[in-house]
**Q** 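One structure, as C-alpha cells, below. Some questions next.
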Amino acid sequence: MKNINHREIRAVLFDVDGTLADTERDGHRLAFNAAFSDFGLTWHWDIELYGKLLIITGGKERILHYIREHAPNNLDMNNLDGWIANLHKAKTGHFVTLLESGKISLRPGVIRLIQELRHAKIKIAIATTTTAENVITLLKSTLGTDSPGWFDVIGAGDIVSGKKPAPDIYIWVLQQLGIPAQQCIAIEDSENGLKASIAAGISTIITVNDFTHLQNFSGAAVVLSDLGEPKQPFTKLAGNAHGSEWVDRQMLTRILNEFSA
Ligand code: XBP
Ligand code: MG
C-alpha cells in the first residue's frame, strides 16, 4: 500500500566552507593573514586561534570580533566598518587567487552526489555565510566554468543581515526555491550551520572536519565523517544512516521520511 505521507525530496541545500571543501585552515586563514600583512598589521591567525575564531561566522564579523578580543585599540578608529570592509576585500582577493591556483579540492562524495541529484532533477542550492565571489570561484575551479549555473539558488554572504547561526540564509534560499523545508535536506559541517538549518525547519546531515568534529550536533539527522563513496564508505558518528554507506538519493529520501510516518 502506498504511504500517503511519503515525501519526495525536492532540493538539497549545501553549505560551502567545511562542507563542499576544507576551505578554512589552508584557505580562508591564509587569505586573512595575507591581507593583514598587506595592511601592515602584525596580526597572525595560527591554526589554534583560527579554530576559536570560527565561532563567529562571516569574515568581516570575525575581524571585528578579533579586534574586540585581541586588538581593542583599533576600536577607536574612524570609520572602523569601512576599514574592515577594505581589509576583507583584500582577503577575498587572496582567497580567490588561492582557489584559482587549484589547491583546494572538493570533499569525498560531493561531486558524485551533486551529479546524482542533477540527473534525478532534484534541485541543488547553496546556503553559505561566505562571499558570493568565493562560492562562484570555488565551484568553477573544482566543477568547471558552467557549474554555478547547475545551482537553482546561490545564497551567500551579505544577502541576508543575520549570518549563521541565524536561520536567515536558509529561509532566504527556501523562499527563492519556493519549496517547503519539509521537502529539503541541508548538508552542513558545523554547529553554527546546524543551528541555522534546523531553525529553518530543514533536516540536516553533518559531515564533520578537523575544526568541527567535537562540536554539539544534537538535532542533526545523522553525523558522518564525509558523504562517502562506494569505494570509500563514510564512518557514521551519530544518528541513523538507514543502512547506507555513502550519501545518495535513497538515503536522503529515507532521512526525509524518518520523522514523518
Ligand atoms: C563560513 C564562514 C565564512 C568563512 C570566510 O561559515 O564563516 O566567514 O570563514 O568567508 P559557514 P568570508 O560554512 O557556516 O557558512 O570571509 O567571505 O566571510
Ligand atoms: Mg560550514
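Please read all numbers here as calculations on a predicted model, not as lab measurements.
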**Q** Assigning hydrophobic clusters by single linkage (Ile, Leu, Val, Met, Phe, Trp, Tyr; side-chain heavy-atom cutoff under 4.5 Å), is I84 placed with I56?
**A** no
**Q** Would you say that more than 12 heavy atoms from the other residues, nucleotides or ligands in this model lie under 6.0 Å from the CZ of R107, or not?
**A** yes
**Q** Test: ring-ring contact (aromatic ring centres under 6.0 Å, His included). Region: residues 91-129. Which pairs qualify, not counting sequence neighbours?
**A** H28-F95
**Q** May I ask you to check whether over 12 heavy atoms, not counting those of R112, lie within 6.0 Å of atom CZ?
**A** yes
**Q** With heavy-atom distances below 4.5 Å as the criterion, would you say the side chains of W172 and L177 are in contact?
**A** no
**Q** Walk me through it: do E191 and K195 pass the test salt bridge (charged side-chain N to carboxylate O under 4.0 Å, His left out)?
**A** CA-CA 6 Å; E191 186 175 343; K195 282 184 180 154; 3.6 Å; yes
**Q** Please determine whether the number of non-hydrogen atoms from other residues, nucleotides or ligands lying under 6.0 Å from atom CD1 of I55 exceeds 12.
**A** no
**Q** Is it true that V153 and I126 fall in one hydrophobic cluster, defined by side-chain heavy atoms closer than 4.5 Å?
**A**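 Each belongs to a different hydrophobic cluster.
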**Q** For W150, does the six-membered ring have the charged nitrogen or CZ of R118 within the cation-pi criterion, i.e. under 6.0 angstrom from the centroid and within 45° of the normal?
**A** yes
**Q** Does a donor on one side chain sit under 3.5 Å from an acceptor on the other, for S190 and T212?
**A** no
**Q** Just by distance, with hydrogens left out, do T23 and D17 show a side-chain donor and acceptor under 3.5 Å apart?
**A** yes
**Q** Which atom names give the shortest non-hydrogen contact between D210 and H213, and what distance separates them?
**A** O-CD2, 3.2 Å
**Q** For K91, what residues pass the salt bridge (charged side-chain N to carboxylate O under 4.0 Å, His left out) criterion, not counting sequence neighbours?
**A** none
**Q** Once ring-ring contact (aromatic ring centres under 6.0 Å, His included) is applied, do any residues pair with H70, and if so which ones, sequence neighbours excluded?
**A** Y66
**Q** Output, in order, the C-alpha distance, side-chain angles, deciding distance and verdict of salt bridge (charged side-chain N to carboxylate O under 4.0 Å, His left out) for D158 and K60.
**A** CA-CA 10 Å; D158 296 329; K60 295 190 285 292; 2.8 Å; yes
**Q** Kindly indicate, with the supporting measurements, whether the criterion salt bridge (charged side-chain N to carboxylate O under 4.0 Å, His left out) is fulfilled by E245 and K236.
**A** CA-CA 9 Å; E245 294 183 291; K236 190 194 77 173; over 6 Å; no
**Q** Using atom types as modelled and distance alone, determine if a side-chain donor or acceptor of N209 lies under 3.5 Å from a backbone N or O of G18.
**A**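 Looks like yes, one N/O pair under 3.5 Å.
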**Q** Relative to the ring of W45, is the ring of F36 parallel (under 30°), tilted (30 to 60°) or perpendicular (over 60°)?
**A**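 Perpendicular: the ring planes of F36 and W45 meet at over 60°.
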**Q** For I205 and F234, what are the C-alpha separation, side-chain angles and deciding distance, and is it a side-chain contact (heavy atoms from CB on, under 4.5 Å)?
**A** CA-CA 12 Å; I205 295 175; F234 56 61; over 6 Å; no
